Amino acid sequence: MTAGSGRSSVTVTDNRTGKTIEVPIADNAIPATAFLALKAPYAPGEREENDTPYGLRVLDPSFMNTAMIQSAITYIDGNKGFLMHRGYPIEQLAEKSTFLETAYLLIYGELPSAKQYGLWQWEIMHHTFVADDLAKMLKNMRYDAHPMSIFISAFAAMAAFAPEANPALQGRDMYVQNKDVMNKQIVRILGKATTIAAMAYRLRIGRPFNAPRADLSYTENLLYMMDHMAEPNAYRPDPRLAKALDVLFILHADHEMNCSTSTMVHVGSSLVDPYSCVAAASAALYGPLHGGANEAVIRMLTKIGAVENVPAFLEAVKAKKELLFGFGHRVYRETDPRSKIIRQVADMVFDVCGREQLIEVAIALKDAALRDEYFTSRKLYPNVDYWSGLIYKAMGFPLDFYPVLFVVPRVAGYLAHWKQQLDSGKNKISRPRQVYVGPPRRDYVPLDQRPDRAVSSASGLVDLPHYMSKRRLHKI
Ligand SMILES: CC(C)(COP(=O)(O)OP(=O)(O)OC[C@H]1O[C@@H](n2cnc3c(N)ncnc32)[C@H](O)[C@@H]1OP(=O)(O)O)[C@@H](O)C(=O)NCCC(=O)NCCS
């Protein structure tokens, strides 16, 4: 409540008509649909496509201030640099929990009892095998395919291997009505995510796939499937690296309505199967502005090369010729709390694998940026991707595998949001509106009556080049 009327609402007057509406505020949010009550006649000369008599629209490109859902899963205070899952601060989870326990917390809302935790681990580690035909399909991918392409394709294909999990075949409301089927897909997806990730890696190095092992922890098993070669007494990954990866997985498990998780909610709202949803969400994560940023950070640091090149690089960033990858965040206006924890994990990994050379460049770049008015005035601080790439590099993962190490744990967050949406009983298909600014209605012109137009690349109206091999240009 504030000084004034004391009412928890906003009053909006439409100056076109003089109409006033009172819009209720709940949890410091107002419903966008309330504005549909503000209807007005078309102003003289106004475009019909504005739909003015049908109610006022709310335009928010890139969702700068639009809450897509009500959620009980994750909270971020971007101004203070604070993150919590189901009420538990990320620092406590990173120190005391495990990835699978945090995944349970995210998906089911509470920390599991000892018995629940045991069963949860057992189920996930016994759902790690993928169908042999799927493995054969993946083997047909090119050896140099980006591992995220393989990950996305594998999840999209997995839907075809689970017809019993497909609402298109089993009934639209199958996940609302049958929680057993929902829980089964959750453990299958979490279990298989590491197997697919390891397969994407093994394809790259031209080695056969390793079968998963249920006697190892989640991250141990991932490292085992990636790295086991010909050791006679089955290879056991270094427990310190498995632990470091587990902490990284906790840090990446969820981050509320980021680009990929909101994709999961958006696609899931159509009630399509969860494998297809994970494929779509993973595709969103793959982009350089999201989960691909950790890979981009290493490419950037490698390009800078040495501490003395940092000032020139920062000048290029300020001139908008370069982007400082690993800096900035839509929500954080303070240092991302995960980046502070990750810095400690980095030292843990360097103790085992040796100090990563680029760390000196990374520290110098971060320090210089944090002293620079360009970055401080825009509240641009290091995000989680700034350090994670260095850890992955020190551990010897190939550059293009980094987004895979981000998406595997983020699958837990995807599933938590998918389940929350379907359990809410309020699922409606996500269908944003738009503001049409294109040509008004016009009549079709037959081909032979159209004038020759000047070629314009700005409008996309171009003479297309010949995309085929020059050898085929020859006309007989
Ligand atoms: C994360 C990110 C996409 C958020 O974007 P956003 O919320 O739309 O922020 P904006 O692009 O509006 O940025 C606001 C201003 O800061 C600048 N800015 C933002 N991030 C920047 C960065 N990493 N390097 C240089 N300038 C940056 C923008 O150019 C803009 O400057 P302007 O006011 O002069 O136009 C953006 O910060 C970014 O591209 N970061 C690098 C990629 C990255 O690390 N992504 C991982 C996110 S976890």
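Computation of the quantities below employed the complete heavy-atom set of this structure, encompassing side-chain atoms and omitting hydrogens, waters and symmetry-equivalent molecules. Please read these numbers as outputs of a predicted model, since none were measured by experiment. Counting starts at 1 for both ligands and their atoms, in listed order.
- Ring geometry for His329 against His255 counts as perpendicular: the plane angle is over 60°, on a 0 to 90° scale with 30° as the lower cut.
- Taking the six-membered ring for Trp and thresholds of 30 and 60 degrees, Tyr392 and Phe397 have ring planes more than 60 degrees apart, a perpendicular arrangement.
- The aromatic rings of Tyr224 and His228 sit parallel, their planes meeting at an angle under 30°, below the 60° perpendicular limit.
- Enumerated by chain and number, the residues approaching ligand 1 to less than 4.0 Å through a heavy atom are Leu289, His290, Ala293, Val317, Lys320, Leu323, Leu324, Phe325, Gly326, Phe327, Gly328, His329, Arg330, Tyr374, Arg378, Leu380, Asn383, Asp385.
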*Check step by step if ring-ring contact (aromatic ring centres under 6.0 Å, His included) holds for Tyr381 and Phe327.*
CA-CA 5 Å; Tyr381 296 99; Phe327 258 65; 7.7 Å; no
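- Judged by a 6.0 Å distance limit and a 45° cone about the ring axis, Arg410 is not positioned over the six-membered ring of Phe406.
- Comment: Lys39 does not engage Asp14 in a salt bridge, judged by the lack of any side-chain N to carboxylate O separation of less than 4.0 angstrom.
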